[in-house]
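As structure tokens, the structure follows; a few thoughts come after it.
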Amino acid sequence: MDLKLVFRLLGMLGMAFSLVVLVPLIDSFIVDQEHMVVFLGTLCISLIISGIFLFYGSGRTKQRLRIREAFAVVGCGWMMICILGALPYLLTGTMDPITALFESVSGFTTTGVTTSKSFQDFPASILVWRCLTHWCGGIGVIMLFIIIMPQMNSGAGYLFNAEMSGGITEHTLPRIKESATLILTIYVFLTAVEICLFMLAGVPVPQSINLALATMATGGFSYYTDSLISFNSVYVEIIAVVFMLISSMNFSLYYKIWRGDWTAFMDDAEHRYYLSLLVAAACLITINLYGSGYFSDILQSARHGFFQAISIGSTTGFASDDFNKWPPFSRFILLLLMFIGGCSGSTAGGIKISRIVVLMKASWSELLRTLHPKIVYSIKIKNKPVESEVVGSITRFFFLYIIVFMVLTILISLTGLSLIDSMGVIAACLSSVGPAFGIVGPTATYGDISLFGRLISICAMILGRLEIFTLLVIMRPAFWRNKQNW
């Protein structure tokens, strides 16, 4: 293990974090001077830790990661950022360490939940900080898929459709930098466009910025505890739906379009599966809402059915109505969408559409082999065969995902939550959705969950955001031993 390289990259990550802290620091200087000391303290601690890491890793200019260092940087980097991100909440003096960490992890993993009963409890500068953690967490996930994930054996490298030919691990550093810079530009540009559209829809500037940052990150953070229900605006919902879809689809498509490849969107199979799934789910929910008499108007049923299917399917977690009161069938459809999630290479969480498609095709091929033992059947995506190693990696990921879901559900149920509530909480946290059913419905918060339950939720959020493998691998003692064969 090249620890000097790991520490150097962690130091650089800490410096980037320090730059983000400057935004709420400036905001507190302008409108919330009482809490300037909170962000000054956070900035100082971040700079000190980053400086120590950079000093230890000084002289190391190597940038190409091996798989071992990649795991270490991703796993330790996310945990470091989440811990540093908890400092503003902790330094306000209104939260205990576990609750502060919960708020930070919720932001950076784009889960978008809180333990606070009212957002009026947060000072203005803290609200700005929470929005930024969402937005930075979203772009962090995309960069993870561009630079790190292709080197990890979880099928993620295959799932991310890079513009360049060959695997991303074959590219030179300048090409990776070019890709990352361009995708960051696209991310910022789309955020700015969405802010302008919300403002044109009559949303106040602070809330327009908040909603845009949360939507682009598929995070779902709103200034209101009942999400978008308080807005009661079709225009706001339409804007949110459009950008939830944009953010939950593979950003490499926008990279290709930006570079002039206008056929990329038509050629991509993953987004077609994704859109078809959302439309089917939305239609089923609409029929159920209208047929059960929950809404007497078919148009109102369609409005909320389509919005909620897209919101949950993109793992944003916005709510236009209290879906906790919907008929059981509609809630079951939403629960399935939580697990499936969005497209690979997006800000969305969940298992991802590409993995689901590969798993379905792998199951079909096994059925055919059972009926015809000598048949030769290859799994294809976009008319390209999927390597058996990739299929195996995706299968293992799915198995681990379900095992983690079951274990965490059992653990959080020990806090006294019902089985249904426990399943909802873990599913929502693992998939970065946020709101679920029962005690953590769309108009409720995680405030009634015990400290132990919040710890379990934190684990679920990080495991889901880091695609399970990363955190589990670095927890093994053998990972840190000096071996040369990684």
Leu277: which of Ile353, Leu336, Val357 passes side chain to side chain contact (heavy atoms under 4.5 Å, CB included): Ile353
Test item: side-chain donor near acceptor, Thr315 and Ser432, under 3.5 Å: no
Thr133 and Arg130 side chains, donor-acceptor separation under 3.5 Å: no
Test item: side-chain donor near acceptor, Tyr274 and Ser248, under 3.5 Å: yes
Met249 side chain near Ser346 side chain, heavy-atom distance below 4.5 Å: no
Phe318 side, atom CZ; Gln308 side, atom CD - distance, nearest 0.5 Å: 11.0 Å
Check: Met244 and Thr218 side chains under 4.5 Å, non-hydrogen atoms: no
Tyr401-Ser431 side chain donor-acceptor pair, cut-off 3.5 Å: yes
Atom pair SG (Cys429) and CG (Leu408), whose distance is rounded to the nearest 0.5 Å: 9.5 Å
Side-chain donor or acceptor of Ser104 paired with backbone N/O of Cys82 under 3.5 Å: yes
Donor-acceptor pair between Thr94 and Thr92 side chains, under 3.5 angstrom: yes
Tyr446 and Phe102 aromatic ring geometry - parallel, tilted or perpendicular at 30°/60° bounds: tilted
Spatial distance of atom CE (Met216) from atom CD (Glu194) [nearest 0.5 Å]: 7.0 Å
Residue that, paired with Val242, satisfies side chain to side chain contact (heavy atoms under 4.5 Å, CB included) out of Ile239, Ile246, Leu245: Ile246
Residue Phe398 excluded, over 12 heavy atoms near CZ under 6.0 Å: no
Partner of Trp135 by side chain to side chain donor-acceptor pair (under 3.5 Å), out of Thr191, Thr215, Thr347: Thr191
Polar side chain donor-acceptor pair, Trp326 to Asp321, under 3.5 angstrom: yes
Stepwise side-chain hydrogen bond (donor to acceptor under 3.5 Å, both in side chains) check, Ser393 with Arg396: CA-CA 5 Å; Ser393 298; Arg396 289 190 292 272; 3.2 Å; yes
Taking every non-hydrogen atom, the tightest pair across Val105 and Met461: CG1-CB, 3.7 Å
Close side-chain approach of Ile126 to Phe39, heavy-atom, < 4.5 Å: yes
Set of residues satisfying side-chain contact (heavy atoms from CB on, under 4.5 Å) with respect to Leu84, sequence neighbours excluded: Phe17, Ile45, Ser46, Ile49, Met80, Leu87
Tyr254 vs Phe251, ring pair (Phe, Tyr, Trp, His ring centres under 6.0 Å): CA-CA, chis, key distance, verdict: CA-CA 5 Å; Tyr254 313 134; Phe251 266 71; 5.2 Å; yes
CD1 on Ile340 to NZ on Lys352, rounded to 0.5 Å: 12.5 Å
Heavy-atom side-chain proximity of Met95 to Leu90 below 4.5 angstrom: no
Leu400 side, atom CG; Ile468 side, atom CD1 - distance, nearest 0.5 Å: 7.0 Å
Rounded distance (nearest 0.5 Å) linking atom CD1 of Ile183 with atom CD1 of Ile139: 7.5 Å
